[in-house]
Amino acid sequence: EGFARLQMLRGDGHIGVLERQQLQVLEVWYVIPILEMFSMHGFSDDPSWIAKRLVPRISVDEVTSALDLLERLGLIRRASDGALRRTTHKLATAGKVTVGAVRQYHANMLDTAKEALCQLDADQRNVTSLTIGLSPVQYEKATKMIEEFRFSLLNLFEEAGTVSTPDDQIHEMVVALFPVTRHPSEA
């Protein structure tokens, strides 16, 4: 297909394709965290409950719009008891994705990480960096290692199931590897 594919990792371990229109979940930073909140202990689909739990906070109207979007796209559905339930277990990008919505989502999460760095105490966040020289081959190896680490981390905590205690929180991990010097041919 002509567009980058996103994959849904469902609880049964099978992988499905996130349809093109479902990329809308990436247009604003808080839709994916709201979807992930469905795994939290004591989760309530009440928009005011969700709005109060997100950092940074968003409005109840923004939560309502996000829930409407998730339901319209089939990522959540209303159960017979009237509560909203998640229909997919995990979302992950497949390989190197260049779709505009994905780029925007990553940019938004980098901004959110910057806010966390400035606003959260050090014991509530982990921010680190490393500056190293890499050949093109080493760069490819590093990006492969990062991708393997992401999926390893996801699979490790996937085995644990839902967030199980009232003290647990949803976390965002942002990893970026990019040059800070120009290639010799561009200098």
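Here the structure is a predicted model, which is why all the values come from computation and not from measurement.
In this structure, the side chains of Met145 and Phe149 stay at 4.5 Å or more apart for every pair of heavy atoms. Glu36 has its side chain within reach of Arg86: a pair of non-hydrogen atoms, C-beta onward, lies under 4.5 Å apart. With contacts defined as side-chain heavy-atom distances shorter than 4.5 Å, the pair Arg125/His171 does not qualify. A 4.5 Å side-chain heavy-atom check between Tyr139 and Val137 finds every atom pair outside the cut-off. The side-chain heavy atoms of Val31 and Ser65, taken from C-beta on, include no pair separated by under 4.5 Å. At a threshold of 4.5 Å between non-hydrogen side-chain atoms, the residues His41 and Asp168 do not count as touching. A 4.5 Å side-chain heavy-atom check between Trp29 and Ile58 finds at least one atom pair inside the cut-off. Between Ile34 and Ile32 the shortest side-chain heavy-atom distance does not fall below 4.5 Å.
Between Pro33 and the choices Ile50, Leu54, Thr112, the side-chain contact (heavy atoms from CB on, under 4.5 Å) rule is met once, by Leu54.
Of the N and O atoms on the side chains of Asp61 and Ser59, not one donor lies less than 3.5 Å from an acceptor on the other residue.
From Glu148, atom CD reaches atom NZ of Lys141 across 10.0 Å, with rounding to the nearest 0.5 Å. For the atom pair Leu26 CG and Arg103 CZ, the distance stands at 13.0 Å (nearest 0.5 Å). Atom OG1 of Thr131 and atom CG of Leu134 lie 10.5 Å apart (nearest 0.5 Å).
When all heavy atoms are compared, the tightest approach of Trp49 to Met37 is CZ3-CE, 3.8 Å. Taking each heavy atom of Val28 and Tyr105 in turn, the nearest pair found is O-CD1, 4.4 Å.
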List the atom pairs, donor and acceptor, that lie under 3.5 Å between side-chain atoms in residues 69-84 and the rest of the protein, sequence neighbours left out.
unit_1: Arg72; atom_1: NH2; unit_2: Gln24; atom_2: OE1; d: 3.0
unit_1: Arg78; atom_1: NH1; unit_2: Gly82; atom_2: O; d: 2.5
unit_1: Asp81; atom_1: OD1; unit_2: Ala83; atom_2: N; d: 2.9
unit_1: Asp81; atom_1: OD2; unit_2: Arg85; atom_2: NH2; d: 2.7

Using a 3.5 Å cut-off and no angle test, enumerate the donor-acceptor pairs between side-chain atoms of residues 174-187 and protein atoms at least two apart in sequence or in another chain.
unit_1: His183; atom_1: ND1; unit_2: Ser185; atom_2: N; d: 3.1
unit_1: His183; atom_1: ND1; unit_2: Ser185; atom_2: OG; d: 2.8

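In the hydrophobic clustering, Leu117 connects to Val127, either directly or through intervening members, whenever side-chain heavy atoms lie under 4.5 Å apart.
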**Report entry** Candidate pair Lys52 and Arg57, rule side-chain contact (heavy atoms from CB on, under 4.5 Å), full reasoning
**Finding:** CA-CA 6 Å; Lys52 289 176 187 170; Arg57 285 199 177 178; 4.3 Å; yes
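Within the 3.5 Å criterion, the main-chain N or O of Gln124 finds no donor-acceptor partner in the side chain of Asp121.
If you chain together hydrophobic residues whose side chains sit under 4.5 Å apart, Leu67 and Ile170 fall into the same group. One hydrophobic cluster, built from ILVMFWY side chains closer than 4.5 Å, holds both Leu35 and Phe43. Clustering ILVMFWY residues whenever any of their side-chain heavy atoms sit less than 4.5 angstrom apart, transitively, puts Leu153 in the very cluster that holds Ile146.
Salt-bridge check for Glu140 with Lys144: failed, with every basic side-chain N at 4.0 Å or more from each acidic carboxylate O.
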